[in-house]
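Everything below concerns the one structure shown next.
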Amino acid sequence: MKYLDNIYKQNDIAWFTPVELFKPWYAHGIAESIMRTANLSVPLKIYEIGGGSGTCAKGILDYIMLNAPTRVYNNMTYISVEISPSLAEIQRQTVGEVRTHLSKFRVECRDAADRSGWGDVDQQPCWVIMLEVLDNLPHDLIYSENQVSPWMEVWVGKKHDRETHSELFKPLQDSLITRCVEIMDWEKDHSNQSGSVSMARSIWSKVFPKPRRCWLPTGCLRLLEVLHGVLPKMSLIASDFSYLPDVRIPGERAPLVSTKKNGSSLDYGSYLDAKGDADIFFPTDFWLLERIDHYCSGQLKMHKDNSSKQGKKRRTITLDTSSFMEEFGLPTKTRTKDGYNPLLDDFKNTKFYLSVPTHNIK
């Protein structure tokens with residue numbers, strides 16, 4: 001903890017990701033999971049969305065260079081899709097510390113959620129890595145007056161004094177929000193609730209009305225729609241926060257909004273108060289992530305009349321970070337003398353999501 005405290009004070013950075021804190025072992029665990037699962041008879045192709053400073057890319061390339069057959073390393077491609085030009089340059093420098101990596105690695109400076117930047121559909125198997133990406137993607141807020149009232153979009157507008165902002169409620173009209181609500185409520189809508197249960201809920205909502213606020217991962221939906229469209233045979237590895245402590249903002253999947261000054265954090269009670277250099281972290285609902293993934297792959301049908309008898313298109317699993325690293329990583333490298341292991345024992349609020357295509361479609 002003293003070591004971490006010194007790092008943060010020296011860098012004045014609000015958050016270091018696990019791949020940075022545990023380099024190179026965190027990235028090596030991801031590389032091992034790819035090597036165990038990938039079909040190494042075809043050239044290995046890896047995309048990383050939002051590669052940060054290039055630590056993950058370098059760690060994976062190092063591991064494959066040292067542990068995979070020579071032909072796998074020589075024929076592989078690693079593409080970082082990075083929206084920030086400054087981070088893209090840092091990634092080139094980080095990976096370039098090993099000269100042989102440069103012929104396998106490239107950075108494409110663009111928005112991964114923009115379909116036009118991807119070009120033609122790529123039917124080849126590939127891997128997509130997203131580490132701490134989902135928590136920073138755009139989310140939309142919806143509101144309902146009580147437990148049975150329809151959802152409404154929340155818009156933000158400036159008040160007459162032009163300094164403060166306020167919320168406005170409008171009927172659902174954004175197609176991305178509407179699709180996300182359908183995916184979120186799919187189980188509830190398709191469970192055969194009896195009329196008596198629905199009536200009881202209606203009465204309860206009138207006697208004890210409880211307003212509902214819900215944050216939707218619309219940015220995640222948009223990104224996965226693009227990825228499944230252009231990389232239909234992709235395997236996905238995503239790691240992120242499953243919950244966030246001390247969140248003061250109300251609503252399901254509400255974000256932690258904070259700023260850091262002089263080494264100490266200040267959390268906001270309302271996203272409307274956050275201006276300037278505030279950081280925002282959304283927790284990832286991994287159950288909903290799986291639903292969105294299956295929807296975007298075409299496996300989850302929203303309407304019963306469109307249901308298909310074809311087999312599952314994807315196999316998915318969610319693992320605690322400690323379980324993932326015990327399986328694929330080298331936890332002996334991060335164990336302290338008294339047995340404490342920050343790679344396994346810290347970051348209890350993070351999980352890994354793995355999604356791979358199947359071949360049992362009839």
Side-chain angles (χ1 to χ4, degrees), residues 12-15 17 49-50 83-87 111-114 132-185 205 208-226 240-285 288-289 292 349:
D12 197 29
I13 290 177
W15 176 254
T17 59
I49 311 298
I83 198 170
S84 165
S86 59
L87 284 176
D111 181 2
D114 183 352
E132 285 73 49
V133 169
L134 300 175
D135 62 79
N136 288 132
L137 290 179
H139 283 60
D140 276 284
L141 179 60
I142 54 176
Y143 172 83
S144 173
E145 291 182 351
N146 55 52
Q147 297 91 318
V148 295
S149 295
W151 289 110
M152 302 184 76
E153 296 177 3
V154 179
W155 290 48
V156 176
K158 284 189 176 181
K159 290 185 176 178
H160 298 300
D161 59 15
R162 296 184 180 180
E163 287 295 324
T164 57
H165 293 78
S166 62
E167 293 181 341
L168 305 170
F169 306 118
K170 299 183 180 183
L172 295 185
Q173 52 186 305
D174 185 292
S175 60
L176 202 58
I177 295 176
T178 302
R179 290 201 300 279
C180 213
V181 170
E182 285 182 353
I183 296 168
M184 180 181 68
D185 289 343
S205 67
F208 301 103
K210 184 180 179 181
R212 296 185 296 165
R213 298 167 71 86
C214 183
W215 297 83
L216 297 175
T218 44
C220 171
L221 172 58
R222 180 170 171 247
L223 176 59
L224 286 182
E225 282 182 335
V226 169
D240 231 302
F241 303 101
S242 55
Y243 72 91
L244 294 167
D246 306 321
V247 173
R248 297 171 56 196
I249 294 172
E252 293 179 50
R253 293 182 288 275
L256 180 68
V257 182
S258 66
T259 187
K260 195 152 192 168
K261 292 181 180 179
N262 300 322
S264 60
S265 296
L266 170 66
D267 296 339
Y268 290 97
S270 169
Y271 68 94
L272 296 172
D273 299 333
K275 298 176 182 177
D277 60 352
D279 286 297
I280 183 164
F281 304 96
F282 283 93
T284 295
D285 182 338
L288 184 55
L289 171 61
I292 292 173
N349 59 333

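All heavy atoms count here, side chains included; hydrogens, waters and symmetry mates do not.
The shortest distance between side-chain heavy atoms of P217 and L288 falls below 4.5 Å. The shortest side-chain heavy-atom distance between H139 and C220 does not fall under the 4.5 Å cut-off. With contacts defined as side-chain heavy-atom distances shorter than 4.5 Å, the pair L224/L289 qualifies. Annotation: side chain of L137 is in contact with side chain of L223 (closest heavy-atom distance under 4.5 Å). Within the 4.5 Å cutoff, no side-chain heavy atoms of D140 are placed close to those of E153. Residues I249 and P255 form a side-chain contact, since some pair of their non-hydrogen atoms from C-beta on lies under 4.5 Å apart. Two residues are said to be in side-chain contact when any heavy atoms from C-beta on lie closer than 4.5 Å; M152 and I142 fail this criterion. The shortest side-chain heavy-atom distance between L216 and M184 falls under the 4.5 Å cut-off.
The minimum heavy-atom distance between A254 and P250, with the atom names listed, is CB-O, 3.7 Å. Looking at every heavy atom in both residues, L172 comes nearest to W151 through CG-O, 3.5 Å. Taking every heavy atom of both residues into account, A274 and V257 meet most closely at CB-CG1, 3.4 Å. Contact detail for V148 and N146: the closest heavy-atom pair is N-OD1, 3.0 Å.
Note that OH of Y268 and CG of D279 are 10.0 Å apart. Values are rounded to the nearest 0.5 Å. Summarising the geometry, atom CZ belonging to F282 is positioned 12.0 Å from atom CG belonging to D240; distances are rounded to the nearest 0.5 Å. Note that SG of C180 and CD1 of I183 are 5.5 Å apart. Values are rounded to the nearest 0.5 Å. With rounding to the nearest 0.5 angstrom, the OG1 atom of T259 is 10.0 Å from the CG atom of D267. Atom CG of L221 and atom CD1 of I292 lie 5.5 Å apart (nearest 0.5 Å). Rounded to the nearest 0.5 Å, atoms CZ (F281) and CG (L256) are 7.0 Å apart.
A perpendicular orientation is assigned to the rings of Y271 and W215, their planes being inclined by more than 60° (bins at 30° and 60°).
F169 is linked by a ring-ring contact (aromatic ring centres under 6.0 Å, His included) to Y143, counting only residues two or more places apart in sequence or in another chain.
With respect to the salt-bridge test (charged N to carboxylate O, under 4.0 angstrom), the residues D285 and R253 qualify. Under 4.0 Å is where a charged nitrogen must lie from a carboxylate oxygen, and between E167 and R213 at least one such pair does. Under a 4.0 Å N-O distance rule, the pair R179/E225 qualifies as a salt bridge.
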- Message: As a quick check of understanding, evaluate side-chain contact (heavy atoms from CB on, under 4.5 Å) for S258 and L266, giving each step before the final call.
- Response: CA-CA 5 Å; S258 66; L266 170 66; over 6 Å; no
- Message: side-chain contact (heavy atoms from CB on, under 4.5 Å), that's the test. Do L168 and V156 meet it? Break it down for me.
- Response: CA-CA 6 Å; L168 305 170; V156 176; over 6 Å; no
- Run the side-chain contact (heavy atoms from CB on, under 4.5 Å) check on R222 and L176 step by step: do they pass? CA-CA 7 Å; R222 180 170 171 247; L176 202 58; 4.0 Å; yes
- T284 vs F241, side-chain contact (heavy atoms from CB on, under 4.5 Å): CA-CA, chis, key distance, verdict: CA-CA 6 Å; T284 295; F241 303 101; 5.8 Å; no
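Between S242 and N349, the side chains place no donor N or O within less than 3.5 Å of an acceptor N or O (distance only, hydrogens not considered).
In this structure a side-chain-to-backbone donor-acceptor pair under 3.5 Å is missing from S144 to R212.
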